[in-house]
Asks: 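For reference, the structure I am asking about is given below.
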Amino acid sequence: MRVLVVGSGGREHAICWKLAQSPRVDQLYCAPGNGGIAQVADCVDIKATDVNGMVAWAKDNAMDFVVVAPDDPLALGMVDALEAAGIPAFGPRKNAAIIEASKAFSKELMQKYHIPTARYQTFTDLDAALAYIEAQGAPIVVKADGLALGKGVVVAATVDEAKTAAREMMADKKFGESGSTVVIEECMTGPEVTVLAFADGERVRPMPASQDHKRAFDGNRGPNTGGMGAISPPPQYTPDVARRCMDEIFLPTIQALKAEGRPFQGVIYFGLMLTPQGPRVVEYNARFGDPECQAVLSLLDSDLLDIFLACREGALGQTEIRWKESAACCLVLASGGYPLEYKKGYPIAGLDEAGRSAVVFHAGTAQKDGQTVTNGGRVLGVTALGNTLEQAIENAYAAAKPISFQDMHFRTDIGRAF
Ligand code: AMP
Ligand code: GLY
């Protein structure tokens, strides 16, 4: 089969790396791809959000299957557009991808179907939002409704902080139209875990749980990032918690979306908080998480293309999905200054040596004059396995040792920050 993967980050490198191992994949393409993806796929220079351009290229080049990995093209309806052009695609259609694209929608869905989540209210009027914050008190959480690159959430410790956040989103339009509607919700406590799951519209098959590290610095300090590292599986996600999540969250969510006429086919991301009252949903995403994907797919022992096709065909019930008994750790090496300002174009040393003991997924790299150079905030995701989580973490840090580039930054406490 001729397969195209849409996207350009570490997540897409992991997906391409795994698809390249499938005997059914004859030709693999990635648009736009990056310097590392180019080692396993032919990169095509089309922006991930260019729906018309992507459909036209996929048609002209006779793609048999397209995997849409990032949130933006999913929210724009790229899967619908590909299907309309007769090209089978993996990922939720626009009407199901809305569980990520609109927090107001997903909160309403959870409320209607009694899926455990933080109490909340939705506002389009600033004064009403301010009055609600005043009445509820702090701590309290203020969220922009739409996609805001993971930055539209403020966990406010004081009423003043919450009011400022609401003003910035609703009046100053800090996140553009994403903030015209805000969701204000109860602050939950407890460890956070991610569960990625394959879904075929009716059935849901969870992958091993994982855990992201969103803050830039050790000890969960500093600004929020896309994710500085991930482990799988996290010790807090016990078999008992897993059973509750399946019964109270995963199945009810997939059934709710089906009942609403929005069957979800693709990978669904459950962002969960294990609160003293039980597991609750923090957020849904309509795709693999990054860097969770890099850790979790490293543990997959089955053919990823077979699973993707089964999701599309409603055949997940008959598909074998095997996982290694190991644990995994993905350590992100980032540009100095990320997630704020940083420079690009620095040569990266030590990649070959690191690649002998771990898989080095590229997130933001480019090839320049025969050299791999930095080309983004998150640059690499060094991903290693181990018999135990402790061993996997040690292996990832050991493998990353030879890698260097100017102003390189990473956390030293991935998997140990809790
Ligand atoms: P989100 O974009 O919805 O995932 O939110 C980003 C981060 O904010 C989450 O990973 C949590 O750490 C935190 N957060 C979001 N909602 C809540 C909540 N209701 N209570 C406590 N923390 C939250
Ligand atoms: N790692 C968090 C996300 O992909 O949304």
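The chain is numbered in sequence order, starting from 1. Counting starts at 1 for both ligands and their atoms, in listed order.
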Asks: Please identify which atoms of ligand 1 are closer than 4.0 Å to at least one heavy atom of Glu185.
Replies: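 Heavy-atom distances to Glu185 below 4.0 Å select 16 (N), 17 (C), 18 (C), 19 (N).
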Asks: For Thr194 and Glu292, test the side chains for any donor-to-acceptor distance below 3.5 angstrom and give the result as yes or no.
Replies: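 Judged by distance alone, the side chains do pair up.
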Asks: Less than 6.0 Å separating the ring centroids of Tyr132 and Phe123?
Replies: yes
Asks: Measure Glu186 to ligand 1 on non-hydrogen atoms and call it side chain, backbone, both or neither using the 4.0 Å cut-off.
Replies: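 For Glu186, only backbone atoms sit under 4.0 Å from ligand 1.
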Asks: Would you mind listing every side-chain hydrogen bond (donor to acceptor under 3.5 Å, both in side chains) that reaches into residues 35-48, with sequence neighbours excluded?
Replies: none
Asks: Going by the atom numbers of ligand 1, which of them fall below 4.0 Å from some non-hydrogen atom of Glu283?
Replies: 1 (P), 2 (O), 3 (O), 4 (O)
Asks: Test your reading of the structure: does Met188 have an N or O sitting under 3.5 Å from an N or O of ligand 1?
Replies: yes
Asks: Lys143 heavy atoms, cut-off 4.0 Å: which ligand 1 atoms fall inside?
Replies: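 Near Lys143, the atoms of ligand 1 are 3 (O), 15 (C), 16 (N).
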Asks: Under a 3.5 Å threshold, I'd like every N/O contact between ligand 2 and protein atoms, with atom names and distance.
Replies:
{"from": "ligand 2", "atom 1": "1 (N)", "to": "Asp212", "atom 2": "OD2", "distance (Å)": "2.8"}
{"from": "ligand 2", "atom 1": "1 (N)", "to": "Gly226", "atom 2": "O", "distance (Å)": "3.4"}
{"from": "ligand 2", "atom 1": "1 (N)", "to": "Asp290", "atom 2": "O", "distance (Å)": "2.9"}
{"from": "ligand 2", "atom 1": "1 (N)", "to": "Glu292", "atom 2": "OE1", "distance (Å)": "2.8"}
{"from": "ligand 2", "atom 1": "4 (O)", "to": "Arg287", "atom 2": "NH1", "distance (Å)": "3.0"}
{"from": "ligand 2", "atom 1": "4 (O)", "to": "Asp290", "atom 2": "N", "distance (Å)": "3.0"}
{"from": "ligand 2", "atom 1": "5 (O)", "to": "Asn285", "atom 2": "ND2", "distance (Å)": "3.4"}
{"from": "ligand 2", "atom 1": "5 (O)", "to": "Arg287", "atom 2": "NH2", "distance (Å)": "2.9"}

Asks: Answer with yes or no whether the side chains of Thr49 and Asp72 bring together a donor and an acceptor at under 3.5 Å.
Replies: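 Asp72 vs Thr49: no donor-acceptor pair found between side chains.
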Asks: Under a 3.5 Å cutoff, is there a donor and acceptor pairing between the side chains of Thr412 and Asp218?
Replies: yes
Asks: Yes or no: does Gly271 have any heavy atom under 4.0 Å from an atom of ligand 1?
Replies: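 Not so, Gly271 does not reach ligand 1.
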Asks: Return the set of residues passing ring-ring contact (aromatic ring centres under 6.0 Å, His included) with Tyr120 (not counting sequence neighbours), or none when no residue passes.
Replies: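 For Tyr120, no residue satisfies ring-ring contact (aromatic ring centres under 6.0 Å, His included) once neighbours in sequence are set aside.
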Asks: Between Asn34 and Ser8, do the side chains contain an N or O donor and an N or O acceptor separated by less than 3.5 Å?
Replies: no
Asks: When you measure from atom 13 (C) of ligand 1 to each heavy atom in Val155, Asn285, Val281, which option holds the nearest one?
Replies: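 Residue with the shortest heavy-atom distance to the ligand atom: Val155.
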Asks: Quick test of your reading: applying ring pair (Phe, Tyr, Trp, His ring centres under 6.0 Å), list the pairs with at least one residue in residues 232-258, sequence neighbours left out, ordered by first then second residue.
Replies: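 For residues 232-258, and leaving out neighbouring residues, the ring pair (Phe, Tyr, Trp, His ring centres under 6.0 Å) pairs sorted by first residue read Phe250-Phe270.
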Asks: Asp247 and Pro252: which non-hydrogen atoms are nearest, and at how many Å?
Replies: O-CG, 3.2 Å
